[in-house]
Amino acid sequence: MNIAKQIPKWRIVAASVCGTSHIKNQQLCQDAHHWKILANNVLLIAAADGAGSATLGKMGAMIAVETATEYISHSDISYKTFAEDAFLRDLLTDAMLAAKNAVEDEADLYKHQPHDLATTLIIAIATPKVVAVAQIGDGLAVAKDSRGNLIALTIPSSGEYINETIFLTSPHALDRAQFRILRQEIVNLSVLTDGLQMLALNMLVGEPHKPFFFPLFDFVANAEDKTIAKEQLVKFLCSERITQRTDDDLTLVIAALRRP
């Protein structure tokens, strides 16, 4: 038996779709996501939700996820570095700072204010045994461990008032960021923006909703064709089951470890 061939590999299905309220108002989807599988089977996910009140929220979200993933991709990452919590936290902090600076530079280039490109940002780095997550604003990151337990790695972060959140361009945003490092065997990871958080999380107790995540994790683990799987995910996100409960933009990134 070739042991190397038995190493579990990440399988990812992801989509961002426009909410029904934005479609009705002929607005663009303000969400963005980006993911990569780096060397040594390290998974990197970023998702962002541009502020509805920001004139260039979509641009801010796209810049944020692309800058964060590129920054981490070009960093010196190995399995040894995952042994150090301080390294992972610093890496995530630096990636968020790079994203913040890129958004602010873009605003300056086109003579806009940074808040015109306001966006949330979630970044997750994962191996089969370690997950590190950083989050500014609302949205959610969830893992499932090898025993079938769902773990909320982050929770939606609110501002002073209801329906208000923190953005990457907010004052002292990095000081208010959430960090979580989980050291245990996982088989699934998901990152989603706030359009889905009411369906995916019991807000009262902060627990992920099993009937939402379990079928999706199984779906990705068993998906054979990436193109068809993404089409099916988009169809799910646009279905009445979802749109009857939320009219916001939706981003959902789902990862599953599967043996070849």
Side-chain angles (χ1 to χ4, degrees), residues 10 12 14 31-50 60-105 114 117-143 145 151-158 165-184 186 188-194 197 206 251 253-255:
W10 291 109
I12 299 95
D31 280 11
H33 70 275
H34 199 47
W35 62 268
K36 284 187 173 184
I37 300 176
L38 308 180
N40 297 320
N41 203 31
V42 174
L43 174 63
L44 172 59
I45 298 172
D49 175 12
M62 291 178 64
I63 292 170
V65 297
E66 290 172 6
T67 302
T69 52
E70 287 306 308
Y71 182 90
I72 295 174
S73 297
H74 290 92
S75 300
D76 184 17
I77 298 178
S78 69
Y79 265 62
K80 289 183 179 180
T81 61
F82 276 85
E84 303 173 16
D85 284 7
F87 174 87
L88 291 171
R89 186 182 174 105
D90 287 347
L91 178 62
L92 289 168
T93 300
D94 290 346
M96 288 191 294
L97 180 59
K100 178 180 175 68
N101 290 338
V103 169
E104 292 175 346
D105 288 346
L117 282 75
T119 181
T120 64
L121 179 61
I122 306 174
I123 310 170
I125 312 171
T127 74
K129 295 186 178 181
V130 183
V131 185
V133 183
Q135 177 169 321
I136 292 176
D138 45 23
L140 183 66
V142 171
D145 68 17
I151 303 158
L153 300 170
T154 61
I155 58 174
S157 180
S158 301
T165 193
I166 305 161
F167 295 109
L168 189 62
T169 51
S170 300
H172 312 294
L174 295 181
D175 295 333
R176 302 171 70 183
Q178 298 181 60
F179 292 92
R180 177 75 181 274
I181 298 173
L182 177 71
R183 295 189 175 279
Q184 63 189 72
I186 66 162
N188 294 105
L189 178 64
S190 181
V191 173
L192 52 91
T193 53
D194 75 313
Q197 67 191 27
T251 289
V253 184
I254 318 163

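From a predicted model like this one, the values you see are computed outputs, not experimental measurements.
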Subject >> Residues Trp35, Val191; criterion side chain to side chain contact (heavy atoms under 4.5 Å, CB included); working and verdict >> reply: CA-CA 11 Å; Trp35 62 268; Val191 173; over 6 Å; no
Subject >> Ser170 (side chain) donor-acceptor with Ala173 (main chain) under 3.5 angstrom >> reply: no
Original post:
Sequence neighbours excluded, which residues qualify as side chain to side chain contact (heavy atoms under 4.5 Å, CB included) partners of Thr69?
Top reply: His34, Leu44, Ala46
Original post:
Side chain of Ser190, backbone of Val142: donor and acceptor closer than 3.5 Å?
Top reply: no
Subject >> CA sep, side-chain torsions, deciding dist, call: Phe167, Ile136, side chain to side chain contact (heavy atoms under 4.5 Å, CB included) >> reply: CA-CA 6 Å; Phe167 295 109; Ile136 292 176; 5.8 Å; no
Subject >> Gap between atom CG of Leu140 and atom CG of Leu153 - 0.5 Å precision >> reply: 8.0 Å
Original post:
Between Met96 and Phe179, what is the shortest heavy-atom contact and its length?
Top reply: CE-CZ, 3.6 Å
Original post:
Of all heavy-atom pairs between Gln197 and Pro156, which one has the smallest distance, and what is that distance?
Top reply: OE1-CG, 3.4 Å
Original post:
Between atom CD1 of Ile122 and atom CG of Leu192, what is the distance when rounded to the nearest 0.5 Å?
Top reply: 6.5 Å
Subject >> Euclidean distance, Tyr71 OH relative to Leu92 CG, rounded to 0.5 Å >> reply: 10.5 Å
**OP:** Could you grab the distance from atom CG of Leu43 to atom CD1 of Ile12, nearest 0.5 Å is fine?
**Re:** 5.0 Å
Subject >> Pairs meeting criterion side-chain hydrogen bond (donor to acceptor under 3.5 Å, both in side chains) with involvement of residues 89-102, two or more places apart >> reply: Lys100-Glu104
**OP:** Mind checking side chain to side chain contact (heavy atoms under 4.5 Å, CB included) for Ile155 and listing every partner two or more places apart, or none if nothing turns up?
**Re:** Gln178
**OP:** Measure the CD1-CD1 distance between Ile72 and Ile45 for me, rounded to the nearest 0.5 Å.
**Re:** 11.0 Å
Original post:
Are the side chains of Val65 and Leu121 in touch, meaning some heavy atoms are under 4.5 Å apart?
Top reply: yes
Original post:
Of the non-hydrogen atoms in Lys36 and Ser73, which two are nearest, and what is the gap between them?
Top reply: CD-OG, 3.3 Å
Original post:
Who pairs with Thr154 by side-chain hydrogen bond (donor to acceptor under 3.5 Å, both in side chains), at least two apart in sequence or on another chain?
Top reply: Gln135
Original post:
Rounded to the nearest 0.5 Å, how far does CG of Asp194 lie from CG of Asp49?
Top reply: 4.5 Å
Subject >> All side-chain hydrogen bond (donor to acceptor under 3.5 Å, both in side chains) counterparts of Asp31, not counting sequence neighbours >> reply: Thr193, Thr251
Original post:
At their closest point, which heavy atom of Phe82 faces which heavy atom of Val42, and how far apart are they?
Top reply: CZ-CG1, 3.8 Å
Subject >> Thr169 to Pro114 - nearest heavy-atom pair and separation >> reply: CG2-O, 3.5 Å
Subject >> Qualifying salt bridge (charged side-chain N to carboxylate O under 4.0 Å, His left out) pairs with a residue from residues 118-131, counting only residues at least two apart or across chains >> reply: none
Original post:
Looking at residues at least two apart in the chain, or sitting in another chain, which of them share a side chain to side chain contact (heavy atoms under 4.5 Å, CB included) with Gln184?
Top reply: Asp145, Ile151, Leu182
Original post:
Do side-chain atoms of Asn188 reach the backbone of Ala255 as a donor and acceptor pair under 3.5 angstrom?
Top reply: yes
Subject >> Shortest non-hydrogen contact between Ala64 and Ala99, atoms and distance >> reply: O-CB, 3.7 Å
**OP:** Using the test side chain to side chain contact (heavy atoms under 4.5 Å, CB included), find all partners of Ala61 that sit at least two apart in sequence or belong to another chain.
**Re:** Ala32, Ala48, Thr119
